[in-house]
Amino acid sequence: MPTSVVIKGYNKEEPIDFFKENKVYKVVENSIYSLNIKISGNDKLYFEGLDQLEFDDEDIFEVDENKKQYIKKDCDIDLYDKTNADNSYVPGYYKISLLHDDKLYLRWIHVLPKFINEDNYSEMVNDIERKIIGISQSVNRGKHGVKITNTVDYDNRKIDILIKNFYDFQVAVYRILKSPRNQISSEYKWTYKNDVAMDYVSTIKMASSPKKDKRYLKKHVIDFNTSDNVTLKNDLIRIREIIISILDSIGTSIHLQHFNILKEYLALIDNIIENSWLTEVKENRNMGRKVGSAFSNFSYNFIFELNDKLNSVKNIRNKKHEGFSYFRKSSQNLYEIWGYFKVIDTLINMGFNCHNGFVDDIYKRIDTGEVIKNGLTSGTTVLLSRKEKDMFIKVNVIYDDEITNERNSCYIWTDARHRKPDIRMDFFDTDDIFIGTIVIDTKYRRRETFTKDERKGGSRDQLSSYAQMIMSNALYKANKFNPSKVERSTNFGSNNCVVLLGVMYPGNKTGYENGLDEIKKYVSGKRIMERPGTDGRNITKFLEQGINEVIRRYNYVISK
C-alpha cells in the first residue's frame, strides 16, 4: 500500500487521491483541519508551507539529496493552531507531493479565507500594501502556490535576489573585465608600418589607390562584438533598468544598507558599460540567447542567470504555481492592520487633516525589511484635526498600544487585565485638553462571540473592560470646565473616558447596509460590520456618532 494522506476536519474526512483523481482539496483557514499521514515503505511526502510552522516533534522530517524537506514517518499535521493563529496555514495554494516508486505525484490543498471571500482577501492585502510595502507579509518564505500576489511583492523578492548575489556579481564583473570573451578577426588598414607581408588584396588596393608611403596591410584585431558580449550587455542594461524601477517605486522604503548596495550595482554596471571594451559591443535587445561557450564560463553565466531570476519573479502570479514568495501574516493580523488604516482613511474622508507628515512619518519612513519582520509597530500614532465651529478638535489615532495600570498616570490608565485595544482615538480640544476616547477592537470572528464569556471562546469581558474601565486623570482638566457637569457627563464615573466602544468585524455581504447596531447583551458598545471592498458606510456612521458625542459632552461640561 502506498502512503495515505487524509484531510480531517469537524465533519470531514477526505483522503487525497494521488493516483486517479486530479483535484484541488479545499480547507478553510482558522478551522480545525489536520492531515493524518501514514508513510509506506520508501515513499517521501513533500508539503509546501511546513517551513512557516513550528513543530514540537521535528523528528518527523528528513532532508533529501536536493536539500528538500519531506515527511518521513507517520504523523498528524495540524493546519490550524488555535493557541497561536500565526502558527497556522494562511490562505493560498499549497502543493502536496508524493514520491512513490520513483514517480512524483502532485496535488494541491487550497486554504480559503474563513470570514471573507478571496476577492475581499485580495482587497485587504492590496489596501494595506498600498500604505506600507511589505506590511501584509510574514518573515517566513518558501515555495508555495499563491492566489493573491502584489506587484510590490516582486520588488521585494528582486531586492532579496540582488542583495544575496551582490558579492558574486562584483566578482563576476571583475573577472569579465580582466578576461572578456573575444574573437580574432582581420581587417585591412592604411599604415606607414611595414611589419606585415602584403597579400593579393593589399597589392590590388595599393595599385588602384596608391598613397605615397602608406601601405594597405591586413591586421589581426581583437573583436569584442561577440554574441556572448551582446547578450552580456543586454542583460546588464536590463538589470540596471530593474534596479532603477525598484528605486523609483519603493526606494524610500528600502533599508539604507540595501539601498546602498543597489546603488553599488548601478555604479558597477555603468562603469563596465561606459568605461571598458564593452562600449565597442553593439546593443541588440531583440537578440535571443544563444547556447554557446559562455555557458562554460562562470562569470558570464552568473550574469545571465541573475537576469533570468529577476525576470522570472513575475511568474508566481499563476494560481497553483510553484513560486517563491513571502507567506502572509495571519488573517486576524491583516484585518487588524486593515481596520486601523480604514479608520484613518475614514476620518480623512470626514474632513480631518493630517499632521506632521502623515504619509512620510507613517507610510514611507518604515523600512520594508523591518515591517515584514515586526509588522506595524505597537503604539503607532497618527495625529489628525478638524475645525468644529469655534474650535479645532484633534485626535491621536493609536494602534495596539498597551494602557498603563498605574493610577497616578496623568493621562490614561486601567485596572483591567485587558489593556491593549486595537485602535484607540484620543481627542483633544484647541488647547490640547483631553476630552474623551473612542475605542475600536477588530475581531476576525463571528458576531455571536462578542457577548460570550471568555471561557467559551468569547470576548465579553475584554469588551466590557474597554467600555467601562479605561480611566483618565486628565479628562476635562482645565478651569474652563464645570466640575459638577463633568461628574454627570460620563457613562461609568467621572474618570471613565471612553465615549463609545465599537467592534469591527467582517460579517458578510448580506445585511451590510444595516451593519451598525448595538451589541446590547452584557456589553455597552456597537457592532461595526466592515469588510474590504465595501464603501465604508458603517465605520463612517460609527465615527460620526462617536465624534458627535465627544463634541456634545464637551459643549455640556464647558463653562458658559
Exercise. Is atom NZ of K73 surrounded by more than 12 heavy atoms (other residues, nucleotides or ligands) closer than 6.0 Å?
Worked result: yes
For this session: Answer yes or no: are there more than 12 heavy-atom neighbours, outside D17 itself, under 6.0 Å from its atom CG?
Result: yes
Exercise. Side chain to side chain donor-acceptor pair (under 3.5 Å) with E402: which residues, sequence neighbours excluded?
Worked result: R419
For this session: With salt bridge (Lys or Arg N to Asp or Glu O under 4.0 Å) as the test, would you mind laying out the steps for R537 and D535 before giving the verdict?
Result: CA-CA 6 Å; R537 68 183 68 180; D535 59 18; 2.7 Å; yes
Exercise. Is there side-chain contact between I60 and I37, with heavy atoms separated by less than 4.5 Å?
Worked result: no
Exercise. Counting only heavy atoms not in K420, do more than 12 sit closer than 6.0 Å to its NZ atom?
Worked result: yes
Problem set entry | Reference residue E14; test salt bridge (Lys or Arg N to Asp or Glu O under 4.0 Å); the match among R107, K23, K8 | K23
Exercise. In terms of the angle between their ring planes, are Y105 and H100 parallel, tilted or perpendicular, with boundaries placed at 30° and 60°?
Worked result: tilted
Exercise. Should D270 and R240 be marked as a salt bridge (Lys or Arg N to Asp or Glu O under 4.0 Å) after you check the CA-CA gap, both sets of side-chain angles, and the distance that decides it?
Worked result: CA-CA 9 Å; D270 288 344; R240 188 184 192 281; 2.6 Å; yes
Exercise. With a 4.5 Å heavy-atom cut-off, do T3 and F18 have their side chains touching?
Worked result: no
For this session: Measure the shortest side-chain to side-chain distance between L35 and I96 over non-hydrogen atoms and say whether it is less than 4.5 angstrom.
Result: yes
Exercise. Would the number of heavy atoms belonging to other residues, nucleotides or ligands and lying under 6.0 Å from CZ of F19 be above 12?
Worked result: yes
For this session: May I ask you to decide if Q462's main-chain N or O and S459's side chain share a donor-acceptor pair within less than 3.5 Å?
Result: no
Exercise. In this structure, are over 12 heavy atoms from other groups packed under 6.0 Å from K38 atom NZ?
Worked result: no
Exercise. Is any side-chain heavy atom of D400 closer than 4.5 Å to a side-chain heavy atom of Y340?
Worked result: no
Exercise. Are any side-chain N or O atoms of D43 and backbone N or O atoms of I39, one a donor and one an acceptor, separated by less than 3.5 Å?
Worked result: no
Exercise. Backbone N or O of D81 within a donor-acceptor pair of the S88 side chain at under 3.5 Å?
Worked result: yes
Exercise. Any donor-acceptor pair under 3.5 Å linking the side chain of D235 with the backbone of N307?
Worked result: no
Exercise. Within a radius of less than 6.0 Å around NZ of K12, do more than 12 heavy atoms belonging to other residues, nucleotides or ligands occur?
Worked result: yes
Exercise. With ring centroids as reference points, do Y33 and Y80 lie under 6.0 angstrom apart?
Worked result: no
Exercise. Once you round to the nearest 0.5 Å, how far does CD1 of I273 lie from CG of L236?
Worked result: 5.0 Å
For this session: Taking only Lys NZ, Arg NE, NH1 and NH2, and the carboxylate oxygens of Asp or Glu, determine whether E65 and K44 approach each other closer than 4.0 Å.
Result: yes
Seminar exercise, completed: The reported gap from CD1 in I423 to CE in M504 (rounded to nearest 0.5 angstrom) is 5.0 Å
Exercise. Is the Y335-W338 ring centre distance short of 6.0 angstrom?
Worked result: yes
Problem set entry | Inter-residue atom distance F169.CZ - L306.CG, 0.5 Å rounding | 7.0 Å
Exercise. Short question: side chain of Y89, backbone of L50 - any donor-acceptor pair under 3.5 Å?
Worked result: yes
Exercise. Checking S465 side chain against L463 main chain: does a donor-acceptor pair fall under 3.5 Å?
Worked result: no
Problem set entry | Expected output: side-chain Q332 to main-chain Y444 donor-acceptor under 3.5 Å | no
Exercise. Nearest 0.5 Å, what's the CG-OH distance between D228 and Y300?
Worked result: 6.5 Å
For this session: Say whether, by atom type as modelled, one donor and one acceptor occur between the side chain of E62 and the main chain of K72 under 3.5 angstrom.
Result: no
